[in-house]
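Letters A, B, ... mirror the listed sequences (proteins, then strands); counts begin at 1.
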There are 2 protein chains.
Amino acid sequence: MRYPASETAEKHTRILNEATRLFRERGFSGVSVGEIMKATGLTHGPFYNHFDSKEALMAESLLHGMQKTLDGLETTEGSAKGRAEYVKNYLSGAHRDACGAGCMMAALASEVRQQPQARGPFTTRLKSIVAKTASHFPWPSKRSARGDAIRMVSSMVGALILARAVDDEAFAEEILKEMRRGLV
Amino acid sequence: MRYPASETAEKHTRILNEATRLFRERGFSGVSVGEIMKATGLTHGPFYNHFDSKEALMAESLLHGMQKTLDGLETTEGSAKGRAEYVKNYLSGAHRDACGAGCMMAALASEVRQQPQARGPFTTRLKSIVAKTASHFPWPSKRSARGDAIRMVSSMVGALILARAVDDEAFAEEILKEMRRGLV
DNA sequence: ATTCAAGCATGATGGCCGTCATGCTTTGAT
DNA sequence: ATCAAAGCATGACGGCCATCATGCTTGAAT
């Protein structure tokens, strides 16, 4: 083999990271395979040595990106204070302006609907995110925890999407602020 | 002129309606100009007799589609009961399955962010939708009405987007149900 | 009846994109 | 030392798309 296996795996990961960032910034259809490869420092050719197709990359990228959300939950303090902190960070101006490094769901959820190969991975990870949110944080009652988690996740995603779509900074900030107020 | 002005205006409207439906179903970038024209029963050529560009159509389509949301609010009973009814309809399985006839924001908000020409119209109409939601329905306090409206709209949009992205019907229904429970 | 141009269909153009084919390079395995 | 093949770069192909060019059709205005 020309390259040691570790180096190959590292390139696979690099493609995945760059793709995930670019997808979040400009959407699945807004980024070309060639552009992703250029971002990793390679040419467009060897893409197919690492992935079967762009759709396969999209699916893997979703798993990868949403796993990071899960990891972020895990490393957040599992208290009411930790939850408030998490909400404040999620609904911050910094997160609004950093699509490429931010939440995968807020960036791509509405495109996932139209991409058959992407819906499975999305569903898998969203279920984990809901379950972790329900179990990791304290809630008024154990019975309502899962519902509370679904409401919190959905509300945060919706508010961030609207704040990002809006052309008026003050209005965007108002959306984030009001949702923070409702959730902490 | 070859055609009476009324007929020309009617074609403009028909293009706009078909475009709005298709955009909601498959996103801005998922629909081609030719496809829109074919849906109206014309060929691709005369598109530019009616619109300056695809981007201009997108902007006009957003204004048109979100105006319908405003009209829907107007014709809903302005009571607590009317609001509950509105939420139940918005967060229904029927709405989830009818992207093409449903809410413009839930279908296109995350694509609007990347389309410079679309953000202005989107912002304009979203402001009206928030204002109308705050003024049309009763809220616990007048002071909190606008914040309550922002939270309600954001939460509904987020829940619908996630429910649509998900591959598991039971999970999708759970998301809608929990958000209904939180909002009525 | 003649004229005129709005608005139509057809077709072309240039660009981008996903994917595949080809050949070269290098290094671990023999 | 030789070999085999993994993985690279270059380039090509076919398809789709937004947009423009061209010429025709037709009904309203004269």
Side-chain angles (χ1 to χ4, degrees), chain A residues 1-62 108 111-112 114-118, chain B residues 1-62 108 111-112 114-118:
Chain A
M1 307 177 197
R2 169 159 182 212
Y3 291 90
S6 68
E7 203 166 309
T8 297
E10 191 259 348
K11 256 171 206 153
H12 186 95
T13 302
R14 235 168 60 207
I15 296 173
L16 200 54
N17 280 327
E18 292 299 326
T20 303
R21 179 178 62 81
L22 287 167
F23 285 156
R24 281 190 287 226
E25 270 172 13
R26 306 212 297 276
F28 289 134
S29 55
V31 184
S32 71
V33 169
E35 200 171 357
I36 293 165
M37 294 304 283
K38 186 174 292 182
T40 78
L42 298 177
T43 56
H44 64 277
F47 173 77
Y48 292 91
N49 285 65
H50 293 277
F51 296 91
D52 284 345
S53 65
K54 188 185 180 184
E55 286 204 354
L57 172 64
M58 284 160 38
E60 199 167 325
S61 176
L62 269 176
L108 293 164
E111 245 180 308
V112 167
Q114 311 150 19
Q115 302 286 350
Q117 303 236 25
Chain B
M1 309 179 200
R2 166 156 186 218
Y3 291 91
S6 68
E7 203 166 308
T8 296
E10 190 259 346
K11 261 177 201 144
H12 186 94
T13 303
R14 234 168 61 208
I15 296 174
L16 200 54
N17 279 326
E18 292 299 325
T20 303
R21 179 178 62 80
L22 288 168
F23 285 155
R24 281 190 288 226
E25 271 172 12
R26 306 212 298 276
F28 290 134
S29 56
V31 184
S32 71
V33 169
E35 198 171 358
I36 293 165
M37 294 304 283
K38 187 175 291 182
T40 78
L42 299 176
T43 57
H44 64 277
F47 173 76
Y48 293 90
N49 286 63
H50 293 277
F51 296 91
D52 284 345
S53 64
K54 190 184 179 184
E55 286 203 355
L57 171 64
M58 284 160 38
E60 198 167 326
S61 176
L62 269 176
L108 294 164
E111 246 181 306
V112 167
Q114 310 149 21
Q115 302 285 350
Q117 303 236 22

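- Side-chain atoms of Arg26(B) never come within 3.5 Å of backbone atoms of Val31(B) as a donor-acceptor pair (strictly under, hydrogens ignored).
- For the pair Ile36(A) CD1 and dG18(C) P, the interatomic distance rounds to 8 Å; values are reported in whole Å.
- One finds a salt bridge joining Arg21(B) and Glu18(B) here, because a Lys/Arg side-chain nitrogen approaches an Asp/Glu carboxylate oxygen to under 4.0 Å.
- Following rounding to the nearest Å, Phe51(A) (CZ) and dG7(D) (C1') show an atom-to-atom distance of 14 Å.
- One can place CE of Met37(B) at 13 Å from C1' of dT19(D), the figure rounded to the nearest angstrom.
- Which of dC8(D), dA9(C), dG18(C) sits closest to the side chain of Lys11(A) comes down to dC8(D).
- His50(A) comes within 4.0 angstrom of the backbone, heavy atoms only, and of no base.
- Taking atom CD of Glu55(A) as the reference point, atom C1' of dT19(C) lies 13 Å away to the nearest angstrom.
- The side chain of Pro46(B) sits closest to dA9(C) out of dA9(D), dG18(C), dA9(C).
- In terms of modelled atom types and a separation under 3.5 Å, the side chain of Lys11(A) and the main chain of Thr40(A) share no donor-acceptor contact.
- Between the NZ atom of Lys38(B) and the C1' atom of dA18(D) there is a distance of 16 Å, given to the nearest Å.
- Position along DNA chain D of the nearest nucleotide to His44(A) versus Asn49(A) favours Asn49(A) as the more 5'-ward residue.
- What separates CD1 of Ile15(A) from C1' of dG7(D) is a distance of 11 Å, to the nearest Å.
- Note on Ser32(A): only backbone sugar-phosphate atoms sit closer than 4.0 angstrom, heavy atoms only; bases stay farther off.
- The distance between atom CG of Leu42(B) and atom C1' of dC8(C), rounded to the nearest whole Å, is 8 Å.
- With Gln117(B) contributing its side chain and Glu55(B) its backbone, the two residues share no donor-acceptor pair below 3.5 Å.
- For His12(B) and Glu60(B), the side-chain atoms include at least one donor-acceptor pair closer than 3.5 Å.
- Out of dC20(D), dA9(C), dT10(D), the shortest distance to the side chain of Thr43(A) is found at dT10(D).
- Remark: P of dG18(C) and CZ of Phe47(A) are 9 Å apart, rounded to the nearest angstrom.
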